[in-house]
Number of protein chains: 2
Amino acid sequence: MDRLLQSIKIGVNDKIYVKDPESSSLGKRIIEDSIIMIHDMGFDKFTFRKLGDRIGSNESSIYRYFESKHKLLLYLASWYWGWLEYQLVFATNSIANAGDKLGRAIEIVTQTTEEDSSFSHINEVMLNKIVIHEYSKSYLTKEVDQENKEGYFEIYKRLVGRLSEMIAAVNRKYSYPSSLASTVLEGSLHQHFLLDHFSSLTDCQEHTDPTDYFKNLVFNCLNKPNHV
Amino acid sequence: MDRLLQSIKIGVNDKIYVKDPESSSLGKRIIEDSIIMIHDMGFDKFTFRKLGDRIGSNESSIYRYFESKHKLLLYLASWYWGWLEYQLVFATNSIANAGDKLGRAIEIVTQTTEEDSSFSHINEVMLNKIVIHEYSKSYLTKEVDQENKEGYFEIYKRLVGRLSEMIAAVNRKYSYPSSLASTVLEGSLHQHFLLDHFSSLTDCQEHTDPTDYFKNLVFNCLNKPNHV
DNA sequence: GCAAATATAATAGTAATACTATCATAACAT
DNA sequence: ATGTTATGATAGTATTACTATTATATTTGC
């Protein structure tokens, strides 16, 4: 990706944080290092105290940015989906043919994040792995309905909506565009997880990856099996 | 389901528990009431202390059966998948035609559990909801590879394997039978979750349910779109 | 350049969690 | 009646996920 990314800002719902972490250097270190730590030790073992120790700051200062580690996870996930949405729109915007557009969209949302844009403090490669391993925990809670009402999942829902519309544009008669879009997004995370931990449960490997699988799946569902 | 269920025992890996909960009445109450409590309050807020209070037993006694609440979740999930596997085999065993067999299999694994068999202390309706809301938490951990080696996910893997073979039997040329099988099982849980909490992300409702969606999806992938 | 405002740090404290350890008692089997 | 096993009661521990308070930097306005 190019330098445009340097200047765009992902618009995370401001109710997710107490103070915008993009507004200070401490905030940026909280984001940068929490990504590394959650990636390395997992969300469950990650604590604000450990993060404070690592960045040479105090636990209480971190609470000035996020009221809980759950909110921090919501923030990281929202940022990731916003970033992916940007990639999606950027890469598909100029494609006129609906089938080509959808094919490109599936590539964007299912492929492994390979490169850190290295323009920001955010390591997208690690963040992608965090989303694969931890995203479900952000909504598999008793508070999900309340938090959904407060808009904490807006970006993700918008992304599913975009994919759903691209699916519908290819075949208006297909009955399940939203279910298929949510299956591709969630299923992609799951296939990548299986690849790492349960390889017998997936056919994806070096030569066939989740992208191939999902393109085949989606275009077969839409009765355009030879499109890509 | 019939009385056969009364006498079969689901063979959960015996490394998951310290003492077999099926071997005593306290053990059975632990299972019975933990299902109700996890269903009602969610796995995160559930504790052995609260369970002890509820069943009039002591926290320390519960630890004689399960060394952690994580192991209890693994037990409940294994039991559920074993039970579902039994349903699957029972319902599809006598079907000769590969397409019919697969269709029935998809119905079994994607439909909402509607009836408590009421032969055992286990409420399958609640357990199904627990699996929808909590199953991911049993493997989204840093210990997953170790626990996988110890066989804690055997039954689930066997179930994916069975479904995968049924898929392959319908179309030997299809390249992704395992990925598709895992997508159906995991995706079904996800669609049921969306139905409850993010209805805008699914097309499943009263008249089209996850079963319809996944039958359409699978048979389209296998190029037998008119089979069911 | 200085005071006021704001941001961050340090320290302490709390209720709950997820256990472990020890000892006592109840039930059950021979 | 005795020994064995299961369960219960109590206490204790390290950690977690915070909150509260006070002190010290740092920045900003004038």
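Here is the naming used below: chain letters follow the sequence lines, and residue numbers restart at 1 for every chain. Every heavy atom of this structure was used, including side-chain atoms; hydrogens, water molecules and symmetry mates were not.
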Span of DNA chain C, from the first to the last nucleotide whose atoms fall under 4.0 Å of chain A heavy atoms: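 Both ends considered, the range comes out as C:dA7 to C:dT11.
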Determine, step by step, whether B:F198 and A:V160 satisfy the side-chain contact (heavy atoms from CB on, under 4.5 Å) criterion, reporting the C-alpha distance in whole Å, the side-chain angles of both residues, the deciding distance to 0.1 Å, and the verdict. CA-CA 11 Å; B:F198 292 93; A:V160 174; over 6 Å; no
Of all nucleotides in DNA chain D that come within under 4.0 Å of a heavy atom of chain B, which is furthest toward the 5' end and which toward the 3' end? D:dA6 to D:dT10
Counterpart residues, side chain to side chain donor-acceptor pair (under 3.5 Å), relative to [X] (two or more places apart):
X      : answer
A:S178 : A:S164
B:H190 : none
B:S179 : A:Q191, A:T202

Hey, are A:H39 and A:E134 close enough side-chain-wise for a donor-acceptor pair under 3.5 Å? no
Electrostatic pair A:E165-A:R162, nearest N-O below 4.0 angstrom: no
Listed partners of [X] passing ring pair (Phe, Tyr, Trp, His ring centres under 6.0 Å), at least two apart:
X      : result
A:Y176 : A:Y174, B:Y213
B:Y156 : B:W81, B:Y135
B:Y152 : none
B:H133 : B:F193, B:H197

Are A:L217 and B:L217 close enough that some pair of their side-chain heavy atoms sits under 4.5 Å apart? yes
Contact residues, residues 144-153 of chain A to DNA chain C [heavy atom, < 4.0 Å]: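 Going residue by residue through residues 144-153 of chain A, none turns out to have a heavy atom under 4.0 Å of DNA chain C.
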Interface residues of residues 26-51 of chain A with DNA chain C (non-hydrogen, below 4.0 angstrom):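 Hits under 4.0 Å, by residue number: A:L26.
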Interface with DNA chain D, restricted to residues 53-69 of chain B and to heavy atoms under 4.0 Å: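 Those residues are B:G56, B:S57, B:N58, B:S60, B:S61, B:R64, B:Y65.
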Taking everything shown except B:R49 itself, do over 12 heavy atoms lie less than 6.0 Å from its CZ? no
Flag yes if more than 12 heavy atoms outside B:K69 fall under 6.0 Å of its NZ atom; otherwise flag no.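 It does: B:K69 NZ has more than 12 such atoms within range.
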Sidechain-backbone polar pair: A:K137 side chain, B:L140 backbone, donor-acceptor under 3.5 Å: yes
Between A:E154 and A:K157, is the salt bridge (Lys or Arg N to Asp or Glu O under 4.0 Å) condition met? List the steps. CA-CA 5 Å; A:E154 274 315 306; A:K157 285 158 72 176; 3.7 Å; yes
